[in-house]
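Worksheet: the structure to be examined is printed underneath.
All chains are named by letter (A, B, ...) in the order of the sequence lines, taking the proteins before the strands, and each is independently numbered beginning at 1. These figures come from a predicted structure and were not determined experimentally. Both backbone and side-chain heavy atoms feed into the values below; hydrogens, waters and symmetry mates do not.
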Amino acid sequence: MIPLQQVLVLSALLFSLGVYGVLARRNAVLIIMSVELMLNAVNINFIAFAVYLAPNKVVGLVFAIFVIVVAAAEAGLALAIILRVYRNERTANVDEVDLLKW
Amino acid sequence: MEVLFGVFAALAFIAALRLVFATNSVQTTLAPLLVLLLAGLVFVVLSHEFTDTISSLHAPQVVFYMVGGLALAGGMGVVFANDLVHAALFLIMTLLMTAGVFVLVSAEFLGLVQILLYGGAVSILIIFALMLTRARETQALRLNGPQWPFALVTGGGLGAVLILMVGRVDAWKGLTDTTYKTINDIGNALFDTYALPFEIASLVLIVALVGAIVIARAEETPELPAGQAEQR
């Protein structure tokens, strides 16, 4: 019913919004949110291609499940690191955490 | 015409959302209201242009425009909002609307997984992180770094290139989804063909989450007596 291209355009727009967010934001949690946005766009792409281009296979759907799992693990780990950085540095802004900057 | 339709819908959605999150000042309340009125007015004036388009639309397609427009509005909210908590709420909206997109392209199991994992777990995790880093109290005046114009050029350029490429691939034109993969099929594939990757994924998840607990765990507080600190 829905043309494939419209789904792809939606995911492309979401992905570029996520890229903008990752590059522009200062707060680490906001950067994680933008990364989630990009992972979501990738998932839309996987599922759209799985449903439209490979009608007899479920590989794309299974891969999308793996992407969701890895995204959940990544979010948990990244937020733990942000918490630890906040506790040590009293800030969650990535431009103020410059211990490795020479 | 569909593009105009979508733009008006997205504008109206954004204006409505801005109204919901409006602060007390006059211009932040009135400006979205004006945009909403303007979008409605333009839509009414041009509605005779749309009649052919509207009558040719199928119901799933209309729902897709609404859900996709809301997802895009939420995505814009995440990257353009001036408040961390509003950005988190916009993210939840985008994630749930993405679940709607999954259901619309007949992958309803993924839609359910999306609601459970993203709408439930990940969004709660993010809101907790905002709370524990005292994001609202210590919120900087600028949420964007000085590099944001370059980020805008990069993101906009990437989006333009991707959309142009989507339009150029002839093999994707006119494709519509016809297959209907049941939860049975996915379950069989997961526990039969992809059993090993599935187990490895669960291992990755547990290692990552145990690691997260170890990293985020509070250090031994010096106030405690030595014996108690060792017992923990």
Side-chain angles (χ1 to χ4, degrees), chain A residues 1-10 12-21 23-27 29-30 32-34 36-37 40 43-44 47-48 50-53 55-56 58 61-62 64-66 68-77 79-84 86 91-93 95, chain B residues 58 60-61 64 68 71-72 75-76 78-79 84 87 91 94-95 98 101-102 104-107 110 113 117 121-122 125-126 129-130 132-133 135 140 143-145 148 151-152 154-155 158-159 162-163 166 172 175-179 181 185-186 189-190 194 201 204-205 208-209 211-212 215-216:
Chain A
M1 296 278 201
I2 303 152
L4 173 62
Q5 286 174 317
Q6 294 181 1
V7 186
L8 294 183
V9 166
L10 172 69
L13 286 172
L14 278 179
F15 191 86
S16 38
L17 279 174
V19 168
Y20 166 73
L23 293 177
R25 291 300 205 183
R26 294 173 70 216
N27 189 294
V29 184
L30 275 173
I32 295 296
M33 287 191 224
S34 305
E36 294 295 332
L37 215 57
N40 234 335
N43 250 350
I44 294 178
I47 290 171
V51 171
Y52 288 77
L53 292 186
N56 304 319
V58 286
L61 301 183
V62 171
I65 292 175
F66 288 145
I68 290 177
V69 168
V70 173
E74 170 259 331
L77 207 51
L79 294 175
I81 292 173
I82 291 169
L83 220 61
R84 180 37 81 83
Y86 174 77
T91 180
N93 287 339
D95 52 352
Chain B
H58 299 289
Q61 191 134 33
F64 175 75
L72 277 182
M76 284 183 203
V78 173
V79 295
L84 289 156
L91 181 71
T94 304
L95 297 175
T98 310
V101 172
F102 292 168
L104 279 173
V105 298
S106 62
L110 266 297
V113 169
L117 271 177
V122 172
L125 215 57
I126 284 173
L130 285 179
L132 291 174
T133 55
L143 281 178
N144 289 337
W148 71 267
L152 200 61
T154 311
L158 181 71
L162 285 177
I163 289 171
V166 166
W172 296 344
L175 274 179
T176 50
D177 58 324
T178 50
T179 54
K181 295 184 193 81
D185 296 335
I186 298 171
L190 261 186
Y194 302 102
V204 166
L205 196 58
L209 291 182
I215 291 173

Open item on the list: Please classify the contact between B:V101 and chain A as side chain, backbone, both or neither, with a heavy-atom cut-off of under 4.5 Å.
Closed with: side chain
Open item on the list: Could you check whether any side-chain heavy atom of A:Y20 comes within less than 4.5 Å of a side-chain heavy atom of B:L158, counting everything from C-beta outward?
Closed with: no
TODO: Would you mind checking which part of B:A121 comes under 4.5 Å of any heavy atom in chain A, side chain (CB onward), backbone (N, CA, C, O), both or neither?
DONE: neither
Task: Which portion of A:V69 sits near chain B, non-hydrogen atoms under 4.5 angstrom - done: both
Task: Region of A:I47 that comes under 4.5 Å of a non-hydrogen atom in chain B - done: side chain
Task: Heavy-atom closest contact (B:A129 atom, A:L79 atom, distance) - done: CB-CD2, 3.6 Å
Task: With B:T98, the side-chain contact (heavy atoms from CB on, under 4.5 Å) member among A:L10, A:N40, A:L37, A:N43 - done: A:N40
- [ ] Could you have a look at B:W148, B:Y194, B:F64 and say which one has the most heavy-atom pairs with chain A under 4.5 angstrom?
- [x] B:F64
Open item on the list: For the backbone of B:G145 and the side chain of A:R25, can you confirm whether one donor and one acceptor N or O come within less than 3.5 Å of each other?
Closed with: no
Task: Contact check, side chains of A:E36 and B:V122, non-hydrogen atoms, under 4.5 Å - done: yes
Open item on the list: Any heavy-atom pair between the side chains of A:I65 and B:I186 that's under 4.5 Å?
Closed with: yes
TODO: Sort B:I215 into side chain, backbone, both or neither according to what part of it lies under 4.5 angstrom from a heavy atom of chain A.
DONE: both
TODO: Find the distance between CG (B:L190) and CZ (A:F66) and round it off to the nearest 0.5 Å.
DONE: 6.0 Å
- [ ] First locate atom CG of B:L162, then atom CZ of A:F15, and finally report the distance between them rounded to the nearest 0.5 Å.
- [x] 7.5 Å
- [ ] Please tell me if the side chains of A:I44 and B:F102 come closer than 4.5 Å, counting only heavy atoms from C-beta onward.
- [x] yes
TODO: Evaluate the side-chain proximity of A:I68 to B:L110: yes if any heavy-atom separation is below 4.5 Å, no if none is.
DONE: yes
TODO: Heavy-atom distances under 4.5 Å only: say whether B:L117 touches chain A with side chain, backbone, both or neither.
DONE: side chain
Open item on the list: Is there a side-chain contact between B:L130 and A:M33 in this structure, where contact means two heavy atoms from C-beta onward sitting under 4.5 Å apart?
Closed with: yes
Task: Check: B:S106 and A:V51 side chains under 4.5 Å, non-hydrogen atoms - done: yes
